[in-house]
Colleague: 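Provided herewith is a single structure, encoded as C-alpha cells, for subsequent inquiry.
Residue numbers run from 1 in the order of the sequence given.
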Amino acid sequence: MQNKLFEIEQLLMELCRIPAPSNHEEFRAEYCLRWFRENCGEYGKKAFIDDALNVVMELNLEENAEIRIVCAHTDTVFPEMVPFTPIKKDGRIYCPGVGDDTANLALLMIAAKDLIASGKEIKNLVIAANSGEEGLGNLKGTKALMQRYGSRVSELVTLDGGYDSIVTEAVGSGRYRVSVKTEGGHSFGEFGKRNAIAVASSLISSLYGVKVPKVGSSKTTYNVGMITGGTSVNTIAQNCEFLLECRSDNAECLKKMQRIFENMITAFNESISGEGQNGVTMETVGIRPCSEIDPAKETAVAEKYAALLKRHTGKDVSFGSASTDCNIPLSMGIPAVCFGGYSGHGAHTREEYIEIESMKMGYEIVLDVLSM
C-alpha cells in the first residue's frame with residue numbers, strides 16, 4: 001500500500017502545479033485527458049473533453065440503461081494562472097487547493113486506473129473530472145453532465161471533502177453584481193456631488209439590516225464578498241461595484257431573498273434618482289438551485305454510502321447540507337451525495353494542507369465507490 005500511496009502523492013503534486021481557476025480549467029483538463037488515455041486502456045483512449053471542460057470517461061454504457069456518475073472537480077477557488085509549488089513537510093502536503101479538490105481528483109484517477117486494470121466488469125459508469133464547482137463556475141460542469149445523461153442518471157457521487165460526513169442536501173444560492181453610478185467629480189472643486197462608493201456603502205449597510213426569511217428549520221444567509229470602484233484619492237467616485245450573495249437550504253427562502261434585494265434596490269434608486277445613467281443596477285451572475293427530491297429516495301442512497309464509509313472508517317458519519325456539485329442532480333429529483341477521501345485543513349485558504357497518510361483509506365473508499 002505504501003507504493004500505492006507514493007503513486008497517489010506524485011500525481012497529486014503534479015496536479016497541484018497545474019493552474020485551474022474556475023472557468024479556466026483547460027490546462028488541468030488537458031492533463032487529465034492525456035493521463036486517462038495513457039493509463040486507462042481502451043476506456044481511456046475514448047475519453048473526451050466536452051464543451052464545459054469536463055473530462056469524461058465512460059465504462060460500458062448500455063443503451064437506455066441507468067448510469068452512475070462519480071466525479072471530482074478540477075477547479076480551485078484561487079485565481080492565479082501561474083503554477084503553485086506544493087510543499088511536503090511533516091507528513092503533510094501544503095498547497096492552495098490541495099484538498100479542495102485536487103486530492104480527491106488524484107484519488108479518483110488512480111482508483112479508476114486500478115479498477116480498469118483489475119479486469120472487473122463494471123457497467124454503466126461515468127467517471128468525470130468536472131469543471132466549475134467553485135464560485136462563479138456556477139456548477140457548469142455538473143450541469144453539462146446532467147444535460148448529456150439526463151434522466152438516465154440513477155445517482156451521482158461527487159468526491160469533495162473528507163470521509164467523516166456526507167452532504168445530502170443542497171444549499172442553493174444567488175450571486176449578484178450590484179453597480180452604482182453617480183456624477184462624480186473633483187474632490188475639492190465639486191465637493192458635495194454624490195460619491196458612488198458612499199452610495200454603495202449606504203446600500204450595503206441597509207442590506208445588512210435585512211431579516212432573513214425562515215421556513216421550519218431552514219437556514220438562509222447573505223454576504224457582500226467583494227467591492228471595487230473609484231479612480232483616485234482626489235476623485236469623487238463615479239463607479240462602484242460589489243458582489244452580493246444569498247444562500248439557503250430552502251427554495252422558498254432563496255426566492256424571497258432575491259425579491260428582497262430587488263425591492264431594496266428599486267427603493268434605493270427612487271431615493272437617489274439622478275440624471276442620465278446614474279443609479280443602482282443588479283445583475284445576476286450565478287444561481288445554484290436547492291434540493292427538489294423525494295426525501296425517501298435520497299435517504300436510501302445516502303444510507304448506502306454511509307454504510308460504505310463506516311466499513312472503512314469504523315465510525316458513523318453525519319449528514320449535512322452544502323453547496324456542491326450535488327445541487328444540480330438534487331434539483332432534478334436525482335439522488336446525489338458528496339464526500340471525499342482525505343483528512344486535512346484550511347480549504348479555501350493559502351495555508352491549506354492534507355494529511356498524506358489519510359489518502360490510504362481514501363483510496364480504498366474511492367475504489368469501493370467505483371466498484372459498486
Side-chain angles (χ1 to χ4, degrees), residues 1 4-5 8-9 12 59 67-73 91-93 98-115 118 120 122 125-130 133 142 153-171 249 291 293-330 334-347 352-372:
M1 185 62 204
K4 182 58 59 181
L5 183 61
I8 296 166
E9 179 188 324
L12 172 56
L59 276 64
I67 64 174
R68 287 195 312 135
I69 298 176
V70 181
C71 57
H73 67 85
R92 296 172 174 174
I93 297 175
V98 64
D100 188 9
D101 192 31
T102 315
N104 286 310
L105 178 60
L107 289 167
L108 176 62
M109 292 166 70
I110 297 292
K113 174 182 74 73
D114 292 346
L115 175 65
S118 74
K120 180 175 181 179
I122 299 292
L125 175 65
V126 172
I127 295 170
N130 68 281
E133 194 276 341
T142 315
V153 180
S154 61
E155 62 186 48
L156 180 144
V157 177
T158 179
L159 301 170
D160 197 350
Y163 38 65
D164 55 349
S165 63
I166 299 179
V167 174
T168 59
E169 188 174 356
V171 172
D249 53 15
S291 298
I293 188 172
D294 178 354
K297 193 176 179 181
E298 174 67 4
T299 298
V301 171
E303 288 180 347
K304 176 177 69 173
Y305 287 104
L308 182 152
L309 291 178
K310 187 173 182 178
R311 286 199 302 271
H312 288 278
T313 66
K315 299 177 181 178
D316 291 320
V317 298
S318 59
F319 297 134
S321 58
S323 177
T324 71
D325 281 312
C326 292
N327 285 47
I328 302 304
L330 287 174
I334 295 171
V337 293
C338 174
F339 56 86
Y342 73 93
S343 293
H345 187 70
E352 184 177 7
Y353 68 82
I354 61 120
E355 302 285 353
I356 296 172
E357 286 291 318
S358 71
M359 293 191 294
K360 284 183 180 179
M361 186 183 295
Y363 167 78
E364 298 292 347
I365 288 170
V366 175
L367 188 59
D368 224 1
V369 170
L370 293 178
S371 302
M372 294 180 73

Colleague: Compare all side-chain heavy atoms of Asn130 with those of Ile69 and state whether any distance is below 4.5 angstrom.
Modeller: no

Colleague: Return the minimal non-hydrogen interatomic distance between Leu107 and Met359, and the atom names on each side.
Modeller: CD2-O, 3.7 Å

Colleague: Identify which one of Val126, Val366, Thr158, Val369 satisfies the side chain to side chain contact (heavy atoms under 4.5 Å, CB included) criterion when paired with Val70.
Modeller: Val369

Colleague: For Ala347 and Asp100, which heavy atoms make the closest approach, and how far apart are they?
Modeller: CB-CB, 4.2 Å

Colleague: A side-chain contact here means heavy atoms from C-beta on lying under 4.5 Å apart; do Tyr305 and Glu155 qualify?
Modeller: yes

Colleague: Partners of Asp316 by side-chain hydrogen bond (donor to acceptor under 3.5 Å, both in side chains), sequence neighbours excluded?
Modeller: Lys310

Colleague: Between Ile122 and Leu370, which heavy-atom pair has the shortest distance, and what is it?
Modeller: CD1-O, 4.0 Å

Colleague: Measure the spacing between OG of Ser318 and CD1 of Ile166 and express it to the nearest 0.5 Å.
Modeller: 8.5 Å

Colleague: With sequence neighbours left out, which residue pairs that include part of residues 357-372 fulfil the salt bridge (charged side-chain N to carboxylate O under 4.0 Å, His left out) condition?
Modeller: Arg311-Asp368, Glu357-Lys360

Colleague: Taking C-beta and beyond as the side chain, do His312 and Tyr163 meet within less than 4.5 Å on heavy atoms?
Modeller: no

Colleague: Check whether any side-chain N or O of Ser154 sits under 3.5 Å from a backbone N or O of Ile67 as a donor-acceptor pair, and report yes or no.
Modeller: yes

Colleague: Which value, rounded to the nearest 0.5 Å, describes the distance between Lys113 atom NZ and Ser118 atom OG?
Modeller: 11.0 Å

Colleague: How far does OG of Ser321 sit from CG of Leu330, to the nearest 0.5 angstrom?
Modeller: 11.0 Å

Colleague: Could you grab the distance from atom CD of Glu133 to atom CG of Asn327, nearest 0.5 Å is fine?
Modeller: 8.5 Å

Colleague: Answer yes or no: is there a side-chain heavy-atom contact under 4.5 Å between Thr142 and Leu156?
Modeller: yes

Colleague: Output the distance between atom OG1 (Thr102) and atom CD1 (Ile354), rounded to the nearest 0.5 Å.
Modeller: 9.5 Å

Colleague: Please walk me through it: do Glu298 and Val337 pass side-chain contact (heavy atoms from CB on, under 4.5 Å)?
Modeller: CA-CA 8 Å; Glu298 174 67 4; Val337 293; 4.0 Å; yes

Colleague: When rounded to the nearest 0.5 angstrom, what distance separates CG in Asp160 from CG in Asp101?
Modeller: 4.0 Å

Colleague: Taking all atoms of both residues into account, what is the closest heavy-atom pair of Ala302 and Thr168, and its distance?
Modeller: CB-CG2, 3.6 Å

Colleague: Taking Glu355 for the side chain and Tyr342 for the main chain, is one N or O donor matched with an acceptor at less than 3.5 Å?
Modeller: no

Colleague: Answer whether the closest heavy-atom distance between the side chains of Phe339 and Val157 falls below 4.5 Å.
Modeller: yes

Colleague: Determine yes or no for a side-chain-to-main-chain donor-acceptor pair under 3.5 angstrom, with Ser291 supplying the side chain and Ala170 the backbone.
Modeller: yes

Colleague: Are the side chains of Leu309 and Lys315 in touch, meaning some heavy atoms are under 4.5 Å apart?
Modeller: no

Colleague: Check whether Asn104 reaches the backbone of Gly341 with its side chain - one donor and one acceptor, N or O, closer than 3.5 Å.
Modeller: yes

Colleague: I want to check something: taking the side chain as every heavy atom from C-beta on, are His73 and Asp325 in contact at a cut-off of under 4.5 Å?
Modeller: yes

Colleague: Taking all non-hydrogen atoms of both residues, which atom of Leu105 and which atom of Ala129 are closest, and how far apart?
Modeller: CD1-CB, 3.6 Å

Colleague: Just to verify, what does Asp164 make a salt bridge (Lys or Arg N to Asp or Glu O under 4.0 Å) with, not counting sequence neighbours?
Modeller: none

Colleague: I'd like to check Leu308 versus Met372 (side-chain heavy atoms, cut-off strictly below 4.5 Å). Are they in contact?
Modeller: yes

Colleague: Can you see which heavy atom on Ser371 is nearest to which on Leu115, and at what distance?
Modeller: OG-CD1, 3.6 Å

